[in-house]
Amino acid sequence: GEILVDTQSLGASSLRTIVGRWPLLRGLIVLWDALVIGTRALTYSANAQAESANERIEGAPLAVTLVGSLVAGLALFLLLPAAVGHLIQTALGWPHWAANLTEGTFRLALLVGYIAAIGRLPEIRRVFGYHGAEHQTISAFEAGETLTPASIAPYPLEHPRCGTAFLLTVAVLSILLFGALGPMPLLPRLGYRLLLVPVLAGLSYEYLRLTGKYRDSWLSRA
């Protein structure tokens, strides 16, 4: 029946450096900062529920969990669709653009399906509820509102610069970026998908930054 409150200093932001202002590169810095802060917050939340010191997540178990999650995410949402696209291209003789479009559509469907599936879990549904409240709070803050439940409530649950919107943008832009590479064997295809993740992340960040700046235009809303 209580809410545990914790306050931490963010420290110096890498974005304040000269390199942190460069287009494309600043997206990677933002992504890294968000990953560190998010991991710190989720770890704190998990450990706050631990009934004993033995149940706390820290040290080597935490590192193994993070690395395992990253590898699983890349394999499921990046490499598996690439392998499916290559299989379709070689087995059915489809042109490169058609196989790449299928790969991108499959990647997008996997991502949306995954979010929809975990949203049915009671614990995750509760997390999503808090996440929507975060979006309302950020929108109210950006509009200069006094941050009270009553003033925040009218704002939408969605936010154009949400992390989920970032992932969806990555999935859509991957169709354009990977499509420009042309046909190639399976192993180089998988290798280039991994190598271009930083480029894809940087492009997606710049896109979200631009559409967030003009969030009321019909094009950004579409």
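The nearest pair of heavy atoms linking Leu108 to Ala171 is CD1-CB, 3.7 Å. Minimum interatomic distance between Leu28 and Ala201 (heavy atoms only, all atoms of both residues): CD2-CB, 3.8 Å. The minimum heavy-atom distance linking Asn100 with Arg193 is given by the pair OD1-NH2, 3.9 Å. Minimum heavy-atom separation, Arg107 to Leu78: NH2-O, 3.2 Å. The minimum heavy-atom distance linking Glu103 with Phe178 is given by the pair OE2-CD1, 3.9 Å. Closest approach of His159 to Ser139, counting heavy atoms only: CD2-OG, 3.2 Å.
No hydrogens or angles considered: nothing links the side chains of His86 and Gln89 as a donor-acceptor pair under 3.5 Å. At a cut-off of 3.5 Å, with distance as the only test, a side-chain donor of Glu145 or Tyr155 sits close to an acceptor on the other residue. Using modelled atom types and a 3.5 Å distance limit, the side chains of Ser151 and Thr148 yield a donor-acceptor pair.
In the hydrophobic cluster analysis, where Ile, Leu, Val, Met, Phe, Trp and Tyr join through side-chain heavy atoms closer than 4.5 angstrom, Val127 is grouped apart from Leu66. Leu42 and Leu31 are members of different hydrophobic clusters when ILVMFWY side chains are connected at heavy-atom separations under 4.5 Å. Follow the hydrophobic side-chain contacts under 4.5 Å out from Leu168 and you reach Leu74 in the same cluster. Under the 4.5 Å side-chain contact rule for hydrophobic residues, Val71 and Leu200 do not share a cluster. At a threshold of 4.5 Å between side-chain heavy atoms, the hydrophobic network of Ile, Leu, Val, Met, Phe, Trp and Tyr places Leu111 and Ile124 in one connected group.
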### Query
Step by step, would you call Tyr44 with Leu4 a side chain to side chain contact (heavy atoms under 4.5 Å, CB included)?
CA-CA 11 Å; Tyr44 175 83; Leu4 189 60; 3.5 Å; yes
### Query
Run the side chain to side chain contact (heavy atoms under 4.5 Å, CB included) check on Glu134 and Cys162 step by step: do they pass?
CA-CA 10 Å; Glu134 287 178 324; Cys162 168; over 6 Å; no
### Derivation of the side chain to side chain contact (heavy atoms under 4.5 Å, CB included) call for Tyr205 and Leu24
CA-CA 7 Å; Tyr205 173 79; Leu24 297 181; over 6 Å; no
### Task
Please assess Arg40 against Gln8 for the test side chain to side chain contact (heavy atoms under 4.5 Å, CB included), listing each intermediate value before the final yes or no.
CA-CA 10 Å; Arg40 187 191 309 165; Gln8 300 180 17; 2.7 Å; yes
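The cationic atom of Arg161 (NZ for Lys, CZ for Arg) does not lie both less than 6.0 Å from the six-membered ring centre of Phe166 and within 45° of the ring axis.
For the pair Ser217 (side chain) and Tyr214 (backbone), a donor-acceptor distance under 3.5 Å is present. Under the 3.5 Å distance criterion, the side-chain polar atoms of Arg189 are matched with a main-chain donor or acceptor of Ala82. Not a single donor-acceptor pair under 3.5 Å links the side chain of Gln136 to the backbone N or O of Pro156.
A distance of 7.5 Å separates CG in Leu92 from CG in Leu87, rounded to the nearest 0.5 Å. Taken to the nearest 0.5 Å, the CG atom of Leu195 stands 11.0 Å off from the CG atom of Leu190. If you take CZ on Phe106 and CG on Leu101, they are separated by 14.0 Å, rounding to the nearest 0.5 Å. Between atom OG1 of residue Thr90 and atom CG of residue Leu186 there is a gap of 8.5 Å, rounded to the nearest 0.5 Å. His131 contributes atom NE2, which lies 14.5 Å from atom CZ of Arg125 (distance to the nearest 0.5 angstrom). Annotation: the span from Leu76 atom CG to Leu110 atom CG amounts to 5.5 Å, rounded to 0.5 Å.
Two residues are said to be in side-chain contact when any heavy atoms from C-beta on lie closer than 4.5 Å; Leu181 and Leu196 meet this criterion. Using a 4.5 Å heavy-atom threshold, the side chains of Val199 and Leu203 count as touching. Leu157 places none of its side-chain heavy atoms less than 4.5 Å from the side chain of His135. Within the 4.5 Å cutoff, the side chain of Phe141 has no heavy atoms near those of the Thr137 side chain. Thr211 is not listed as a side-chain neighbour of Pro160, based on a closest heavy-atom distance of 4.5 Å or more.
Ring geometry, Phe77 versus Tyr114: the interplanar angle exceeds 60°, so the pair is classed perpendicular (tilted spans 30 to 60°).
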